[in-house]
Number of protein chains: 2
Amino acid sequence: MSVRLDEIDRKILGELQRDASQSLDEIARKVGSSKTPVWNRIRKLKEGGIIRQQTVFLDAEALGFEACFFVLIRTSEHEAEWQQKFLKALKERPEVQEAHRLAGDIDYILKVRVKNARAYDEFYQALISEVRIYNVTALLSMEELKSTTMLPL
Amino acid sequence: MSVRLDEIDRKILGELQRDASQSLDEIARKVGSSKTPVWNRIRKLKEGGIIRQQTVFLDAEALGFEACFFVLIRTSEHEAEWQQKFLKALKERPEVQEAHRLAGDIDYILKVRVKNARAYDEFYQALISEVRIYNVTALLSMEELKSTTMLPL
DNA sequence: GTTGAAAGTGCTACAGA
DNA sequence: TCTGTAGCACTTTCAAC
């Protein structure tokens with residue numbers, strides 16, 4: 001279900017994405033409205049599931065998460081049972097920040113953030129002991145050039 | 001530079017990651033402290049750059065961003081000038097949610113979120129017209145199995 | 001770390017376009 | 001219906017202990 005948003009809704013979402021700590025008054029001023037309508041719109045956006053979570057971004061490197069891998073996975077198994085087991089393993093592991101099922105040659109891609117290369121190896125060993133995987137390629141990030149979750153509305 | 005955090009700091013960050021709309025009192029109660037010390041800690045974490053941004057996650061699909069690609073890039077160019085041009089192009093394009101420089105065979109990986117396959121093609125054409133790229137592989141996401149920015153503290 | 005008080009904000013009720 | 005005004009309760013912020 002796609003929700004109808006007008007120009008003001010889009011501006012509000014833009015401001016919230018940019019800085020969710022702004023006050024209602026501030027947002028209202030920027031989008032050219034006032035407190036109450038903005039508050040009502042935000043409530044509806046939350047209820048409608050458009051706004052899913054309010055959170056903070058932390059500096060991963062400052063917190064000692066110095067290694068980031070993109071993991072390309074091929075599997076020979078495509079049964080429902082295997083998929084469920086694999087999905088469960090991914091969800092349980094906090095190192096896995098993203099997981100996508102892909103079209104084409106490669107079946108899955110993961111983004112895995114860990115403290116160091118050894119921690120990645122531990123993750124990798126644990127994963128392949130839990131589920132059968134045909135082929136794994138790990139791409140090591142040397143530098144995070146850009147990172148955002150902002151959608152261009 | 002890695003910053004010293006104690007158990008309480010880590011719990012505060014955990015709570016903020018989980019739900020940044022909680023009140024100070026609520027967080028204080030959960031971490032076993034009280035308002036003012038928690039407030040002071042959060043201020044220091046912001047000043048120290050540990051907390052970088054407060055934002056909202058939006059439902060990309062509900063907003064019509066139905067296509068997500070991981071783009072693997074090989075280039076033959078490795079001069080500083082080319083890199084700067086490439087970096088500038090990535091930063092200017094809001095479709096690019098993530099960009100990493102990699103070690104090894106593949107030079108860069110991008111995560112690109114767009115409304116549909118045609119929008120991806122427009123992005124792709126624009127990119128290769130701006131900077132010389134030797135080889136591109138696009139992996140199309142069929143399903144987002146997991147997506148989080150939470151760090152396991 | 002605690003108390004407490006001033007300033008600011010979120011949320012609700014209500015009235016008008 | 002949606003928008004704006006007004007006000008109370010709650011929260012943030014910060015000084016003094």
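Protein chains get the first letters and strands the later ones, always in sequence-line order, with residue 1 at the start of each.
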Problem - Contacts of type side-chain hydrogen bond (donor to acceptor under 3.5 Å, both in side chains), residue Asn116(B), not counting sequence neighbours - result: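 Asn116(B): no side-chain hydrogen bond (donor to acceptor under 3.5 Å, both in side chains) contacts found.
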Handout entry: side-chain hydrogen bond (donor to acceptor under 3.5 Å, both in side chains) against Ser23(A), all qualifying residues, sequence neighbours excluded
Key =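 side-chain hydrogen bond (donor to acceptor under 3.5 Å, both in side chains) check on Ser23(A) returns nothing, list empty.
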Exercise for the section: Tell whether Lys35(A) reaches the base of dG7(D) with its side chain through a donor-acceptor pair below 3.5 angstrom. Expected result: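 By the distance-only test, yes, there is a pair.
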Handout entry: Side chain Thr36(B) and base dT3(C) donor-acceptor under 3.5 Å
Key =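 Checked by distance alone, the answer is yes.
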Handout entry: Test salt bridge (Lys or Arg N to Asp or Glu O under 4.0 Å) applied to Asp9(B) - qualifying residues, sequence neighbours left out
Key =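 Checked Asp9(B) against salt bridge (Lys or Arg N to Asp or Glu O under 4.0 Å); matches are Arg41(B).
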Exercise for the section: Could you please name the option among dG4(D), dG1(C), dC2(D) that lies closest to any side-chain atom of Pro37(A)? Expected result: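 The closest nucleotide is dG4(D).
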Practice task
State which of dT12(D), dT3(D), dC2(D) makes the closest approach to the side chain of Trp39(B).
Solution key: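 Shortest atom-to-atom distance from the side chain points to dT12(D).
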Exercise for the section: Output every pair passing salt bridge (Lys or Arg N to Asp or Glu O under 4.0 Å) with a member in residues 21-34 of chain A, not counting sequence neighbours, ordered by first then second residue. Expected result: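 Counting only pairs at least two positions apart or across chains, the salt bridge (Lys or Arg N to Asp or Glu O under 4.0 Å) contacts touching residues 21-34 of chain A are Glu15(A)-Lys30(A).
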Exercise for the section: Could you note down all residue pairs passing salt bridge (Lys or Arg N to Asp or Glu O under 4.0 Å) where residues 78-91 of chain B supplies at least one of them, sequence neighbours left out? Expected result: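 Residue pairs with at least one partner in residues 78-91 of chain B: Lys88(B)-Glu92(B).
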Handout entry: For DNA chain D, the residues among residues 7-34 of chain A that have a non-hydrogen atom under 4.0 Å from it
Key =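 Nucleic-acid contacts, sorted: Ser33(A), Ser34(A).
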Problem - Plane angle bin for Tyr120(A) and Phe123(A) - parallel if under 30°, tilted between 30 and 60°, otherwise perpendicular - result: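 It falls in the tilted class, 30° to 60°.
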Practice task
Report the residues that fulfil side chain to side chain contact (heavy atoms under 4.5 Å, CB included) with Ser129(B), sequence neighbours left out, ordered by chain and then residue number.
Solution key: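 Side chain to side chain contact (heavy atoms under 4.5 Å, CB included) list for Ser129(B), sorted by chain: empty.
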Please tabulate, for side-chain N and O atoms in residues 136-145 of chain B, each donor-acceptor pair with protein atoms closer than 3.5 Å (sequence neighbours left out).
{"residue": "Ser141(B)", "atom": "OG", "partner": "His100(A)", "partner atom": "ND1", "Å": "2.7"}
{"residue": "Ser141(B)", "atom": "OG", "partner": "Glu143(B)", "partner atom": "N", "Å": "3.4"}
{"residue": "Glu143(B)", "atom": "OE1", "partner": "Arg101(A)", "partner atom": "NE", "Å": "2.8"}
{"residue": "Glu143(B)", "atom": "OE1", "partner": "Arg101(A)", "partner atom": "NH2", "Å": "3.0"}
{"residue": "Glu144(B)", "atom": "OE1", "partner": "Arg113(B)", "partner atom": "NH2", "Å": "2.7"}
{"residue": "Glu144(B)", "atom": "OE2", "partner": "Ser147(B)", "partner atom": "OG", "Å": "3.4"}

Practice task
Whole angstrom is fine here: how far is it from CG in Asn40(A) over to C1' in dC11(C)?
Solution key: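 In whole Å, dC11(C) C1' lies 10 Å from Asn40(A) CG.
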Exercise for the section: Identify whether any heavy atom of Arg41(A) sits under 4.0 Å from a base atom; if not, whether one sits that close to sugar-phosphate; answer base, sugar-phosphate or nothing. Expected result: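 Sugar-phosphate, no base atom in range.
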Practice task
Kindly calculate the angle separating the two end axes of the helix from dG1(C)-dC17(D) to dA17(C)-dT1(D), each obtained from five base pairs, and round it to 10 degrees.
Solution key: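 Rounded to the nearest 10 degrees, the bend comes out at 20°.
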